[in-house]
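Everything below concerns the one structure shown next.
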2 protein chains.
Amino acid sequence: MRTINTRDFSRATRSTSRQINRLILLNLVRELQPISRADLARRMAVGRGMVTTLVKELLAEGAVYEGALADVPRGRRPKMLHVRTRDRLVVAIDIRFSRTYVLLSDFGGNEMALESFATIFNPDQLLDELAIRVRRLLRTRATGGHCEGIGMVVPGMVDRRGRVLNAPQLGWRDVQIRSGLAERTGLPVHVENSGAACALAHIWLGPGEGGNGVRDFVYVTVSDGVGTGVVVNGELVRGHGHTAGEFGHIPIGPDGPRCVCGAQGCLEAHTSNLATVARYVGHEQSPAVAPPLFPQDGITMDDVIVRAGAGDERARAALTETGRYLGLGLAAIVNALNPAQIVIGGEITGAWDLVEPAIRAEIARRALTREAAGTPVVPEPAGSLPRLRGAIALVAAPVYAAPEVG
Amino acid sequence: MRTINTRDFSRATRSTSRQINRLILLNLVRELQPISRADLARRMAVGRGMVTTLVKELLAEGAVYEGALADVPRGRRPKMLHVRTRDRLVVAIDIRFSRTYVLLSDFGGNEMALESFATIFNPDQLLDELAIRVRRLLRTRATGGHCEGIGMVVPGMVDRRGRVLNAPQLGWRDVQIRSGLAERTGLPVHVENSGAACALAHIWLGPGEGGNGVRDFVYVTVSDGVGTGVVVNGELVRGHGHTAGEFGHIPIGPDGPRCVCGAQGCLEAHTSNLATVARYVGHEQSPAVAPPLFPQDGITMDDVIVRAGAGDERARAALTETGRYLGLGLAAIVNALNPAQIVIGGEITGAWDLVEPAIRAEIARRALTREAAGTPVVPEPAGSLPRLRGAIALVAAPVYAAPEVG
DNA sequence: GGACTTTAGTTCGATCGACGAACAAGAGAG
DNA sequence: CTCTCTTGTTCGTCGATCGAACTAAAGTCC
């Protein structure tokens, strides 16, 4: 039940129906490949004739290709269809506090080459370095493919025009990085916040080969900071100023540690890796300065997790405490948005057996309905590179996105 | 950038384009009436011929009607079009803790008859009473019109099938009220949570005659409880289990008063009318029992507002304190969803001069970007009956809603 | 091995709807 | 009365869906 925006709508023209059906067909191929024309016709409840003409168009454009004949028990053997991803390339860039990662990938999310370097905090120098690496990657590793764009993920807020409004970890404020990289490389560049990008990755390249069925979820990354991406009806919510998704700064205790955002008691201040490490080390207060001192007393989040696994009671307590606070924040999200699922990413998933029960208990305690109390909270599989996959999705998603109508 | 739902999509058929354009046209008439065919053609960037045929259809169905000829400086005088609302009737019902309101209205939100009675807490008896009153209203006051349905608003959570999951103020749990009233009256019945309904009213019957331009906002009702309705891209967010919008229960202080939901430190526990009155009267703790004892020590929220207006310093302090806590909650909403606007409803808007500065200060302090810090917070005009207008919108909105495509 | 059945994919005419041009209907200006 | 300007209608064209007929390719039955 959406209102029609009478100030800026898109009317149906002669070609609208065809566009819609072409996109539906392309998405069906994407999610169900390999698939035959006859199968597509059945799924779309349409005559096979129409599928023939639509596929003919998509074949001519190179959006799909014909694969092998399938074996069927009776009748003529169908010619299977696939989406063309192999020679459509993307450069995904993940800028983090410690290191910056550059990945060459195809549209399907298959990794072709991954490299990284220590993050340069001067934006111009960083873009210079990135441009050099992108060009080199494309020259040496992109054999026979065409690069369709660059997706870049940043730990901070980004506006619609690719300007970084505020990235406390990098010390950036109002930095235009999209146009900078676009000019240097001559490629279209997309920039997004890391939490939002992870959510995008989960929509478009999620488990189950190109999108799992969940269309309402919240992605929460627990890392140096706490980022969130909100997805409603298969669409990432970015808000009026494109800065939605900062659930990391909902207050869950006014007397808690001071947060990098300046306020006190934020979810992030209680549950970031820094907070967990600080809790383990002993000082309950995390430092108020930004960028945060990363390896604190030489101990990292991974160390805490390893020690907890080895039976260190103080480490276990620090992690379950983090889980409890995280559960408090997730309960707020559950009540506020009632998602079908919450996905957790970040190092903390390495101690899932310790963290999950604390999260679950807190959600069950504070959720307002029985159904909401049972909202699944699932960890992102380790090593799945969600930020980089999000960067890929930034480039690949527009090709498959639903048309705006009405 | 929405994904196409490959499990449940709507393909474009021969008539899809026509449906889309008809709905756009109907919405243009709704928002810009009176309007001529030629104007519609210009706005839709379409030939006048198409407008003629579309309007002919809408006229035949009775969705629009032709009004008077307009005066223009040159050329043939255009025949103005209007949407037919006058004889399309709705019964709106608002069930509250103290009283239940029944309003007969037309599709345009014009009030024809309003009555109320003390709420009966037994659902069956309440539905009996409502059925009697609905029938009487329609028999005596609905002259020459046809009732297209009943919209019912409840202070609690409602599922998609019109079952009240939990309404603590009424003491209801798992009560099917939609089918109960539908059977008694023979009319289609829609049931919604009151916060969501207020947001709906603001989308569909908002200031500016049928929808203001704001398509991303959050409506917050501060009353016996704190309800919220989240609107993203002109669409009410209801979540997976249809219970989204309970921002009233985000934690903003773990050591705060106990909330009716069982948890501690909820936004609602700090900012409901009950909390404000309790703060004024002196006990910082509100009673833990539900339903709440409404007139506490004989003093109501309205009393506090009146006394604050008369210069009572304790009343003023209680209200600004409520504003401060409310600002804390709204800051969380601003960071999480980045709405273009926040709308506040409820008795508290009667002391807006006291409350607003506190809210604004708290949002400015905690918002993460300069733009978000300036998010407009506007009060719903007093006496605008937002809940009942929401109930009307429940029935009227589906007629004008955008088609689901893709 | 030839007829029959079954399924996949293509072709083609019917019909519907957008689109643009021509046309009729008012209304004021000169 | 004629010219101009604007509104609203009509009609032929063209693009797209839709269903029926047709071809292609496989296995099965007698």
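In the text below, chain A, chain B and the rest are named by the order of the sequence lines, each starting its count at 1. Because the structure is predicted, anything quoted here is derived from the model rather than measured.
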Applying side chain to side chain contact (heavy atoms under 4.5 Å, CB included) to A/Thr13 and not counting sequence neighbours gives A/Arg11, A/Ser15, A/Thr16
Heavy-atom check, side chain of B/Arg37 versus side chain of B/Pro78, under 4.5 Å: no
Walking DNA chain C from its 5' end, the first of B/Gly49 and A/Ala38 to be reached, judged by nearest nucleotide, is A/Ala38
So side chain to side chain donor-acceptor pair (under 3.5 Å) across residues 45-55 of chain A, not counting sequence neighbours, yields none
Residues passing the salt bridge (Lys or Arg N to Asp or Glu O under 4.0 Å) test with A/Arg22, sequence neighbours excluded, are A/Glu57, A/Glu61
When rounded to whole Å, the CG to C1' distance for the pair A/Leu54 and D/dG15 reads 13 Å
Checking A/Val378, A/Ile203, A/Val232 against A/Phe217 for side-chain contact (heavy atoms from CB on, under 4.5 Å), the one that qualifies is A/Ile203
If you look at every strand shown and take non-hydrogen atoms under 4.0 Å, does B/Gly47 touch a base, only sugar-phosphate, or nothing?
-> nothing
Students should find that the end-to-end axis angle of the helix from C/dG1-D/dC30 to C/dG30-D/dC1, with five pairs defining each axis and rounding to 10 degrees, is 30°
Under a 4.0 Å heavy-atom cutoff, the residues of residues 8-29 of chain B touching DNA chain D are B/Arg11, B/Thr13, B/Arg14
One should read off an interatomic distance between A/Arg86 CZ and A/Asn110 CG, to the nearest 0.5 angstrom, of 5.5 Å
Of B/Thr53 and B/Arg42, the one whose nearest nucleotide on DNA chain D sits closer to the 5' end is B/Arg42
For A/Glu235, the side chain to side chain donor-acceptor pair (under 3.5 Å) test, sequence neighbours excluded, returns none
Min and max contacting nt of DNA chain C in 5' to 3' order, chain B heavy atoms within under 4.0 angstrom, are C/dA14 to C/dG28
Applying salt bridge (Lys or Arg N to Asp or Glu O under 4.0 Å) to A/Arg2 and not counting sequence neighbours gives none
Those residues at least two apart in sequence (or on a different chain) that pass ring-ring contact (aromatic ring centres under 6.0 Å, His included) with A/His82 are A/Tyr65
Residue set satisfying side chain to side chain donor-acceptor pair (under 3.5 Å) with A/Asp216, at least two apart, ordered chain then number -> none
For A/Arg48, which contact category applies under a 4.0 Å heavy-atom criterion: base, sugar-phosphate, or nothing? base
Query raised in the report: Under 4.0 angstrom, heavy atoms only, what part of the nucleic acid is A/Ser36 near: base, sugar-phosphate, or nothing?
Result: sugar-phosphate
dist A/Leu385:CG -> A/Ile392:CD1 (nearest 0.5 Å) comes out at 8.5 Å
The salt bridge (Lys or Arg N to Asp or Glu O under 4.0 Å) partners of B/Arg141 (sequence neighbours excluded) come to none
Atom CD of A/Glu57 and atom C1' of D/dG15 are separated, to the nearest Å, by 11 Å
**Message:** Any salt bridge linking A/Arg77 with A/Asp71? Criterion: basic side-chain nitrogen under 4.0 Å from a carboxylate oxygen.
**Reply:** yes
Contact check, residues 63-84 of chain A vs DNA chain C, heavy-atom distance under 4.0 Å, returns A/Arg74, A/Gly75, A/Arg76, A/Pro78, A/Lys79
